[in-house]
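Here is the structure we will look at, set down as structure tokens.
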2 protein chains.
Amino acid sequence: MAGIDRSLVRALPLFNKLSDSELDDLLAQASLRRFAVGEAVFEQGAAATHFFLLLHGRLKVTQVTADGQQIIVRVVHPGDIFGFAKALQRQDYPGTPTAAAESVVICWPTEVWDLFVEKNPHLAVNAMRTIGERLQEAHTRIREMATEEVERRVAHAVLRLIKQAGKIESAGIRIDFPISRQDIAEMTGTTLHTVSRILSAWETKGLVQGGRQKLLVRDATALRLLAEGSAD
Amino acid sequence: MAGIDRSLVRALPLFNKLSDSELDDLLAQASLRRFAVGEAVFEQGAAATHFFLLLHGRLKVTQVTADGQQIIVRVVHPGDIFGFAKALQRQDYPGTPTAAAESVVICWPTEVWDLFVEKNPHLAVNAMRTIGERLQEAHTRIREMATEEVERRVAHAVLRLIKQAGKIESAGIRIDFPISRQDIAEMTGTTLHTVSRILSAWETKGLVQGGRQKLLVRDATALRLLAEGSAD
DNA sequence: CGGTTGTTTGAATCCCGTCAACTGACGTGG
DNA sequence: CCACGTCAGTTGACGGGATTCAAACAACCG
């Protein structure tokens with residue numbers, strides 16, 4: 001392991017209170033791994049031996065039910081830490097993160113988490129906030145699934161995606177990684193057929209522009225109106 | 001404030017690593033409050049000034065949507081801490097905890113959370129685990145709402161309730177606080193009408209026994225089968 | 001004993017999932 | 001470079017589970 005260059009992570013808010021030498025200490029414990037599209041970083045239910053930071057790419061975290069149905073729990077974006085089950089006193093990973101695009105990940109053994117935290121309490125606070133945000137996100141999704149009809153849920157999901165992974169283009173905002181109708185269906189608790197119908201309808205209304213594993217939002221404001229459920 | 005007696009909380013796992021004097025120090029900062037049925041401990045969106053521990057009773061945590069629909073995010077049971085938004089770096093409370101039964105709550109100002117944690121790192125670890133569990137619970141619910149039909153979701157909700165608030169009686173396991181069909185509907189993302197129909201059907205099959213704000217599970221095993229979605 | 005709150009049940013409606021068939025894009029190998 | 005298999009997406013028809021609308025009933029409370 002030739003050591004990970006500090007510059008790769010220096011800009012991350014997670015580390016902005018660390019000195020260069022402290023950061024180097026942490027990186028000395030870490031290793032870098034690369035994942036091709038479709039590869040999993042780890043498997044749901046496996047023993048939690050490492051925790052991770054996504055440097056580059058995009059991961060879809062899925063859970064499968066006993067009867068084989070799959071849902072996407074969340075999407076991991078560059079700069080996010082994930083798989084820190086041990087910090088939550090869990091022995092195994094709750095989901096499976098799969099590379100939606102070519103991805104690069106930093107891995108630390110779970111044993112160094114304590115050191116990780118001790119070196120800089122700021123990291124612990126940060127981790128706490130991260131989990132808090134995720135919990136709130138989860139509650140938001142529960143509320144949406146409970147009270148909103150499919151079209152609004154899809155609208156919310158798409159808005160969330162362009163917020164977290166939106167790349168501005170001349171024609172609108174593009175979701176900056178390959179995403180299928182099936183993926184959106186698994187994020188919103190519906191079927192790819194229904195998602196396809198909805199996106200087609202939006203396309204004829206000029207709200208979005210689709211494509212194979214592609215989605216471009218042309219009118220985010222109108223989408224937002226739809227999501228907030230104002231009159232149709 | 002006459003001081004809170006140590007014996008009230010001594011048995012809680014949360015505090016089992018604290019010495020009597022440390023515990024007394026913490027309790028000296030706290031105050032005790034009592035809530036009648038229907039009263040709210042705090043309101044969704046209000047500034048987070050305190051965090052809490054439920055000593056006795058039962059709280060339903062609700063969130064309301066912009067258009068006035070309500071869902072029950074979770075139920076707080078005796079011994080649970082809640083409202084520690086500040087620990088997650090949040091300025092306001094995400095939901096409203098309402099007393100479903102006469103309840104007694106210990107309150108600490110948020111400022112003492114740091115002291116709280118510093119006194120015993122074990123508390124921080126414990127809090128982390130608690131949040132981790134809640135996050136996992138939330139994901140489980142999302143998965144259920146996404147993939148399961150209503151009857152199974154209701155079955156899961158009822159099973160969760162008897163696990164967390166079940167009192168064994170000769171005829172079966174009773175949910176030990178007043179809970180309405182409406183409540184169950186808000187926990188499962190459906191309507192009270194549908195819940196009523198489902199519970200009626202279960203009653204004729206001998207699985208449960210209903211009543212006004214009451215529910216007794218007579219055959220938990222059969223319910224579990226239903227929830228796991230084995231043949232119908 | 002009215003009024004309020006919670007529950008039950010029926011009938012009509014409709015959203016959405018399922019089933020099914022087809023189209024188009026991509027890439028790989030001959 | 002074209003043929004073919006695979007994968008992603010589209011679209012229609014149909015059925016059913018769940019919501020909605022509506023009305024009556026039962027339990028609790030002051």
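Lettering of chains follows the sequences in order, A, B, ..., and the numbering in each one begins at 1. Model, not experiment: these values are computed from the prediction.
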Q) Is there a donor-acceptor pair under 3.5 Å between the side chain of Arg152(A) and the backbone N or O of Ala227(A)? A) yes
Q) Is any side-chain heavy atom of Val61(A) closer than 4.5 Å to a side-chain heavy atom of His139(B)? A) no
Q | Short N-O contact, Glu102(B) and Arg34(B), less than 4.0 angstrom | A | yes
Q) Is Arg33(B) atom CZ crowded by more than 12 heavy atoms from other residues, nucleotides or ligands, each under 6.0 Å away? A) no
(Q) Whether Ser196(A) contacts dG9(D) is assessed here as follows: a side-chain N or O lying under 4.0 Å from the phosphate OP1 or OP2. Is that the case? (A) no
Q.
Under 4.0 Å, counting only non-hydrogen atoms across every strand here, what does Leu192(B) touch: a base, just sugar-phosphate, or nothing?
A. base
**Q.** Atom-to-atom span, CD1 of Ile198(A) to P of dT11(D) - whole angstrom
**A.** 13 Å
Q. Reading nucleotides 24-30 of chain D from the 5' end, what letters show protein touch, with B for base, S for backbone sugar-phosphate only, - for no heavy atom under 4.0 Å?
A. ---BS--
Q: For the pair Lys86(B) (side chain) and Ala48(B) (backbone), establish whether a donor and an acceptor sit closer than 3.5 Å, ignoring hydrogens and angles.
A: yes
Q: Using only side-chain N and O atoms of Arg181(B), determine if any of them is under 4.0 Å from OP1 or OP2 of dT7(C).
A: yes
Q: Write down the distance between CD (Glu151(B)) and P (dG17(D)), rounded to a whole number of angstrom.
A: 11 Å
Q) Tell me: CG of Leu199(B) to P of dG6(C), nearest whole Å? A) 16 Å
Q.
Let's see if you can work this out: which of dA8(D), dG6(C), dT10(D) has an atom nearest to the side-chain heavy atoms of Ser200(A)?
A. dT10(D)
Using nucleotides 17-20 of chain C, report all nitrogen or oxygen pairs with the protein that are shorter than 3.5 Å.
unit_1	atom_1	unit_2	atom_2	d
dG17(C)	OP1	Thr190(A)	OG1	3.1
dG17(C)	OP2	Thr190(A)	OG1	2.7
dG17(C)	OP2	Thr194(A)	OG1	2.6
dT18(C)	O4	Arg197(A)	NH2	2.9
dA20(C)	N6	His193(A)	ND1	3.4

Q.
On a heavy-atom basis, which atom in Arg58(B) and which in Val76(B) lie closest, and how many Å separate them?
A. CD-O, 3.6 Å
Q: State whether Asp176(B) and Arg174(B) are salt-bridged, where the test is any N-O pair (Lys NZ or Arg NE/NH1/NH2 against Asp/Glu carboxylate O) under 4.0 Å.
A: no
Q | Pairs flagged by ring pair (Phe, Tyr, Trp, His ring centres under 6.0 Å) wherever residues 48-71 of chain B is involved - sequence neighbours left out | A | Phe42(B)-Phe52(B), Phe51(B)-Trp108(B), Phe51(B)-Trp113(B), Phe51(B)-Phe116(B), Phe52(B)-Phe82(B)
